[in-house]
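Have a look at the structure below, then the notes.
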There are 2 protein chains.
Amino acid sequence: MSGQIIPNLSVDCVVFGFDSKDLNVLLVERTLTDKQNHSIIFSDYTLTGNHVQEGENPDDAAIRILNDLTGLHDIYLEQFHTFGRTDRLLKGKDQLWIHSLGLNIADHVITIGYYSLIDCTSVEITNHLSRNVKWFPVNDLPELAFDHVEILLKALERLQLKLKQEPIGFELLSEKFTLTQVQRLYEAILDTTFDPRNFRKKISMMKYVIPLDEKQTAVRHKPAQLYIFSRDVYERTRKEHYGFII
Amino acid sequence: MSGQIIPNLSVDCVVFGFDSKDLNVLLVERTLTDKQNHSIIFSDYTLTGNHVQEGENPDDAAIRILNDLTGLHDIYLEQFHTFGRTDRLLKGKDQLWIHSLGLNIADHVITIGYYSLIDCTSVEITNHLSRNVKWFPVNDLPELAFDHVEILLKALERLQLKLKQEPIGFELLSEKFTLTQVQRLYEAILDTTFDPRNFRKKISMMKYVIPLDEKQTAVRHKPAQLYIFSRDVYERTRKEHYGFII
DNA sequence: GTACTTATTGTATATAATACAATTTATGTC
DNA sequence: GACATAAATTGTATTATATACAATAAGTAC
């Protein structure tokens with residue numbers, strides 16, 4: 001099952017989550033300690049990634065990583081870009097880190113970037129191989145290793161684009177959600193604000209966002225109506241768009 | 001300059017061109033002949049691709065391939081997807097072909113897909129390493145090697161998407177062009193038709209499509225006005241679009 | 001019952017998309 | 001020079017979508 005790794009090929013997953021307010025991303029702490037005196041040489045964060053194994057499809061490598069991390073199956077996953085610059089692992093800290101691992105890693109590693117969308121209310125992120133895994137708002141990131149800032153920004157850009165084309169945002173919400181949650185989600189991802197009346201008008205045109213006979217409970221204000229997303233209805237009612245943009 | 005190749009990493013370029021009627025793609029003939037009796041074992045087509053070299057950025061590998069093929073510099077180039085399924089080179093013909101080359105190629109080759117847009121009136125495609133290189137309409141393709149059908153379709157899909165977001169179509173036209181040419185181009189790429197009045201209304205909103213004091217010559221009908229595209233004006237007048245699609 | 005908090009709703013206006021056909025201007029021919 | 005030919009060019013009415021804007025409703029907490 002756990003075969004040899006391919007030394008020059010990895011995948012990195014930009015795992016997005018939404019907490020009713022911010023768009024967040026899962027990051028893994030990377031701390032290099034001095035083996036003699038156990039002092040910390042540096043500490044920063046990486047995306048969740050790993051090498052592809054011999055005989056493994058890259059998509060499956062990404063699925064494997066996500067499953068290791070979250071225990072979830074059927075996570076929304078999309079390849080968005082491949083990063084292969086020859087200098088992408090050559091910064092000082094990164095070289096120290098790679099050498100400290102003593103692994104079979106090539107000088108020139110190509111990494112295939114995926115982003116995934118998860119409903120973070122459904123997962124308790126378990127620390128992974130005794131490394132610290134945490135959510136960070138995309139607007140308030142810690143220092144990142146390698147070229148992971150570039151990867152993350154590209155993932156975000158592609159997520160924004162995709163969100164304008166397909167109703168993928170619901171992957172980030174619980175099965176039942178309120179329209180205000182949807183609005184906050186779109187606002188967080190697209191980094192803008194919408195008028196609630198106009199936003200709801202748009203949602204009401206989406207036949208695949210279906211109201212339930214159910215309301216929020218345990219809130220100290222007017223409880224909102226709950227909705228579900230039906231991919232089925234979406235597939236049957238989606239329209240083609242031939243327009244082009246000025 | 002020409003170093004060792006990386007055995008498990010290649011790039012493939014889907015080179016699009018437009019001939020005033022069809023969207024075309026450049027393909028390279030692949031003919032396997034029997035070394036004994038020189039009979040043809042099979043003949044089909046591949047995309048233009050090659051292995052990445054040690055120490056070479058994948059983007060530069062794609063640029064190198066395009067330059068070898070066309071002699072052009074500054075070709076519009078965009079990475080669109082990476083194809084890494086373990087079975088992508090395992091079909092019978094493909095295995096015969098790979099073994100006949102006797103090269104250092106891994107069983108599992110990951111290829112990074114790029115598409116490029118060229119003005120085919122400005123290039124005479126030179127046959128490449130004595131292999132036959134030809135334009136084919138994307139609607140009438142010959143048999144393709146490896147997973148190149150999948151790669152080509154994905155490239156086309158991404159080209160369509162990009163065309164709806166940015167004015168990249170002009171890369172496929174000569175410096176000076178007519179509005180009818182632009183319309184035919186959009187129609188060919190998006191596989192639809194537009195009403196000329198409505199289409200021109202949209203174009204007239206694009207301040208970066210600039211009329212010249214010049215008309216078509218040597219045509220046996222009313223000569224059309226010529227236009228140029230200004231990337232400069234585009235960059236200065238582009239708008240942000242926050243809408244999302246039903 | 002009163003304060004508080006968020007959910008929910010409608011209308012007028014501006015902008016963009018669509019549907020649809022007659023006229024213009026060059027070339028080539030007689 | 002008149003005429004046929006072929007593509008280029010243009011306008012208006014209608015519909016659909018996007019935007020701007022604020023008052024009321026329905027729960028909980030006290």
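Values below: all heavy atoms of this structure, side chains included; hydrogens, waters and symmetry mates excluded. Numbered from 1 within each chain, the chains take letters A, B, ... in sequence-line order.
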Are side-chain heavy atoms of [X] and [Y] found at a separation under 4.5 Å?
X: B:T82; Y: B:I110; answer: yes
X: B:R131; Y: B:E29; answer: no
X: A:Q216; Y: A:K222; answer: no
X: A:S10; Y: A:V52; answer: no
X: B:R184; Y: B:L173; answer: no
X: A:F83; Y: A:E150; answer: yes

message: Taking A:D60 first and then A:R64, would you say they form a salt bridge - that is, a charged N and a carboxylate O separated by under 4.0 Å?
response: no
task: Indicate whether OP1 or OP2 belonging to D:dT9 is found under 4.0 Å from a side-chain N or O atom of B:R200.
output: yes
query: Can a side chain N or O of A:K202 be found less than 4.0 Å away from OP1 or OP2 on D:dT17?
result: no
- prompt: salt bridge (charged side-chain N to carboxylate O under 4.0 Å, His left out) between B:R231 and B:E235: does it pass, once the steps are laid out?
  reply: CA-CA 6 Å; B:R231 174 155 300 278; B:E235 299 293 351; 3.4 Å; yes
I need the [atom1]-[atom2] distance between [X] and [N], as an integer number of Å.
X: B:F199; N: D:dA8; atom1: CZ; atom2: C1'; value: 14 Å
X: B:I203; N: C:dA17; atom1: CD1; atom2: P; value: 13 Å
X: B:Q225; N: C:dT25; atom1: CD; atom2: P; value: 13 Å
X: A:F194; N: C:dT8; atom1: CZ; atom2: P; value: 18 Å
X: B:F177; N: D:dA8; atom1: CZ; atom2: P; value: 14 Å

field: Secondary-structure stems, DNA chain C, at least 3 Watson-Crick or G-U base pairs under 3.5 Å
entry: C:1-30 with D:1-30
Can you check nucleotides 12-14 of chain D for protein contacts, nitrogen or oxygen pairs under 3.5 Å, and list what you find?
unit_1	atom_1	unit_2	atom_2	d
D:dT12	O4	B:K201	NZ	2.8

task: Please determine which of B:F18, B:Y76, B:F177 meets the ring pair (Phe, Tyr, Trp, His ring centres under 6.0 Å) test together with B:F170.
output: B:F177
- prompt: Taking A:D22 for the side chain and A:P137 for the main chain, is one N or O donor matched with an acceptor at less than 3.5 Å?
  reply: no
task: Between A:D195 and B:R197, just flag the one whose closest nucleotide in DNA chain C comes earlier from the 5' side.
output: A:D195
- prompt: Quick one: what's the B/S/- string for nucleotides 2-7 of chain D, heavy-atom cutoff under 4.0 Å, read 5' to 3'?
  reply: ----BB
field: Nearest-nucleotide 5' precedence on DNA chain D, B:Y227 against A:V219
entry: B:Y227
message: Set out, in order, the CA-CA distance, both residues' side-chain angles and the distance that settles salt bridge (charged side-chain N to carboxylate O under 4.0 Å, His left out) for B:D195 and B:R197, then state yes or no.
response: CA-CA 6 Å; B:D195 174 86; B:R197 281 161 293 193; 3.4 Å; yes
